Visitor: 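Sharing a structure, written as structure tokens. Questions coming.
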Amino acid sequence: MAEPSSTAATIATADPPVPATKSWADEADEETNASTAEAETSSVNLEALTIDDKEKNSSKLLDDPDDSNIQAVTSGDTPYTSAARFEDLSLSPELLKGLYVEMKFEKPSKIQAISLPMILSPPNRDLIAQAHNGSGKTTCFVLGMLSRVDPKVQAPQALCICPTRELAIQNIEVLRRMGKYTGIASECLVPLDRDAVHVSKRAPIMAQVVIGTPGTVKKFISFKKLGTTRLRILVFDEADQMLAEDGFRDDSLRIMKDIEKENSKCQVLLFSATFNDTVKNFVSRTVRMDHNKLFVKKEELSLDAVKQYKVYCPDELAKIDVVKDYIFEIGENVGQTIIFVRSKITARLTHEALVKLGYEVTSIQGSLSNEERDKVVKEFKDGLTQVLISTDILARGFDQQQVNLVINYDLPKKYGVRDEPDYEVYLHRVGRAGRFGRKGAVFNLICGELDERLMSKIENHFGTRVTEVRAQSVEEYKAALKEAGLLQ
DNA sequence: CGCGGCG
């Protein structure tokens with residue numbers, strides 16, 4: 001988990017506050033021009049500031065995850081100085097011990113260096129933060145939550161909402177490790193088992209930090225089992241999905257309002273690797289006007305660390321052949337593999353077909369029981385299984401460093417819109433490989449004209465070329481993985 | 001031709 005070094009950047013403040021009439025998308029477009037000037041623009045440029053890595057051209061790891069431009073737009077006249085070391089953040093000794101001893105971190109990653117001062121220093125403005133997949137966003141908000149808790153107060157003070165049960169569990173596990181020496185109590189509020197005690201008969205939550213999924217958190221709040229008056233910080237992980245119209249918008253806004261009602265000064269943090277223009281405009285209006293924001297250009301969102309390929313399949317059955325003849329043959333040499341499918345039934349059927357053919361594979365999707373889901377995830381995280389078939393339940397946030405290969409068995413498609421790929425889901429899926437700047441590869445299985453259109457739209461959107469793997473031979477796939485840096 | 005997490 002040791003992260004390569006980056007130069008500390010001092011973030012000066014832009015003179016004029018951002019006019020309310022101006023949309024975030026406008027700023028991003030202007031910044032697209034400004035950032036091409038790179039190092040010369042270390043001074044103030046428009047409202048946005050370019051934070052360049054001064055060591056960009058000096059010797060360092062080729063796949064440094066910090067080799068990126070993060071654009072910062074700060075509000076008001078609060079100057080923020082990037083934190084070169086965790087010591088610069090006035091964290092408690094117990095928290096520092098957790099970072100160094102338990103997490104084995106050496107220094108803040110770029111997004112951590114920039115966002116943590118914004119989160120932790122008064123007046124604790126709201127923050128919208130976009131950062132690359134695998135760049136350490138979780139550490140940002142977990143550290144934010146832990147360090148804003150008053151250990152003397154035995155009541156919920158930090159709350160984090162996640163889109164899936166798995167992500168909530170993963171996040172609380174990170175929080176418990178990081179906060180190991182702090183004595184801070186935490187609780188995970190996720191869909192309960194069928195035979196669990198009903199919320200109305202449960203004791204109120206005493207834990208100081210709570211992480212959960214929207215429905216369950218909402219339920220605990222409405223039954224008055226999760227008090228909101230002492231909350232100081234509210235985090236939405238995968239915030240674009242949490243605030244998307246076809247996502248969890250209603251639940252998220254309800255939770256925000258319930259908290260605001262009794263507690264007007266709760267800081268809100270919105271974190272994600274993706275914010276499309278539609279949701280970008282909306283999220284800016286859900287937080288306070290004087291919020292800060294960090295964002296990156298879509299072309300720079302980690303699609304360069306992971307090599308992309310496409311394989312044309314004459315029919316759906318041929319997809320199974322690609323998986324068994326090529327992916328399984330070469331896969332075991334390159335680490336773990338996740339195969340993403342579009343529906344729960346495809347997950348189950350593909351799993352069954354491969355097992356019938358004698359391959360070792362597991363699958364996960366939302367209609368499995370909690371126990372089954374937990375078991376599959378645990379086996380995969382423990383490295384007991386090499387290949388996992390999954391719906392988009394694991395597309396976002398799932399952190400398993402040994403995953404180097406992602407298969408898009410089905411391409412992600414936007415719901416309701418014909419011929420439109422879901423660019424954000426594509427990026428999140430690809431982001432499951434190449435964690436913390438490691439090398440990775442993705443194979444997109446293309447079947448039919450619709451898939452071809454979706455694929456070319458994805459290429460255009462990210463401005464990347466996806467190489468076709470043409471010859472149907474193991475050697476051809478091995479060559480692709482060599483090119484991706486996964487094989488010798 | 002839908003994923004999730006809720007009723």
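Numbered from 1 within each chain, the chains take letters A, B, ... in sequence-line order. If you're wondering where the values come from, they're calculated on a predicted model, not measured in any experiment.
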Visitor: Does the ring center of A/Phe236 lie less than 6.0 Å from the ring center of A/Phe248?
Guide: no
Visitor: In whole Å, I'd like the distance from the CZ atom of A/Arg429 to the P atom of B/dG4.
Guide: 12 Å
Visitor: List the residues meeting side chain to side chain donor-acceptor pair (under 3.5 Å) with A/Tyr426, not counting sequence neighbours, and say none if there are none.
Guide: A/Gln308, A/Asn444
Visitor: Looking only at side-chain atoms of A/Arg418, point me to the closest of B/dC1, B/dC3, B/dG5.
Guide: B/dC1
Visitor: Distance check needed: B/dG4 P versus A/Leu394 CG, whole Å only.
Guide: 9 Å
Visitor: Under 4.0 Å between a side-chain N or O of A/Ser343 and OP1 or OP2 of B/dC1?
Guide: no
Visitor: Tell me: CG of A/Asn408 to P of B/dC1, nearest whole Å?
Guide: 20 Å
Visitor: Using whole Å, report how far CG of A/Leu167 lies from P of B/dC3.
Guide: 19 Å
Visitor: Answer yes or no: does a side-chain N or O of A/Lys219 lie under 4.0 Å from OP1 or OP2 of B/dG7?
Guide: yes
Visitor: Between B/dG5 and A/Lys218, is there an OP1 or OP2 to side-chain N/O distance shorter than 4.0 Å?
Guide: no
Visitor: Measure CG/A/Asp250 against P/B/dG4 and give the value in whole Å, please.
Guide: 19 Å
Visitor: With heavy atoms under 4.0 Å as the rule, sort A/Gly416 into base, sugar-phosphate or nothing.
Guide: nothing
Visitor: Do A/Asn133 and A/Arg432 have side-chain N/O donor and acceptor atoms under 3.5 Å apart?
Guide: yes
Visitor: Identify the two heavy atoms, one from A/Val190 and one from A/Ala168, that lie closest to each other, and give their separation to 0.1 Å.
Guide: CG1-CB, 3.6 Å
Visitor: For A/Arg432 and B/dC3, what is the distance between atoms CZ and P respectively, to the nearest whole Å?
Guide: 19 Å
Visitor: Any base atoms under 4.0 Å from A/Gln365, or only sugar-phosphate, or nothing? Heavy atoms, all strands.
Guide: sugar-phosphate
Visitor: For A/Glu449 and B/dC1, give me the distance from atom CD to atom P, rounded to whole Å.
Guide: 18 Å
Visitor: Would you say the side chain of A/Leu243 lies within less than 4.5 Å of the side chain of A/Thr286, judging by non-hydrogen atoms?
Guide: yes
Visitor: Rounded to the Å, how far apart are A/Tyr423 OH and B/dC3 P?
Guide: 21 Å
Visitor: Scan A/Lys413 against the nucleic acid and name what it touches under 4.0 Å (heavy atoms): base, sugar-phosphate only, or nothing.
Guide: base
Visitor: Tell me what A/Arg373 touches on the nucleic acid: a base, only sugar-phosphate, or nothing, going by heavy atoms under 4.0 Å.
Guide: sugar-phosphate
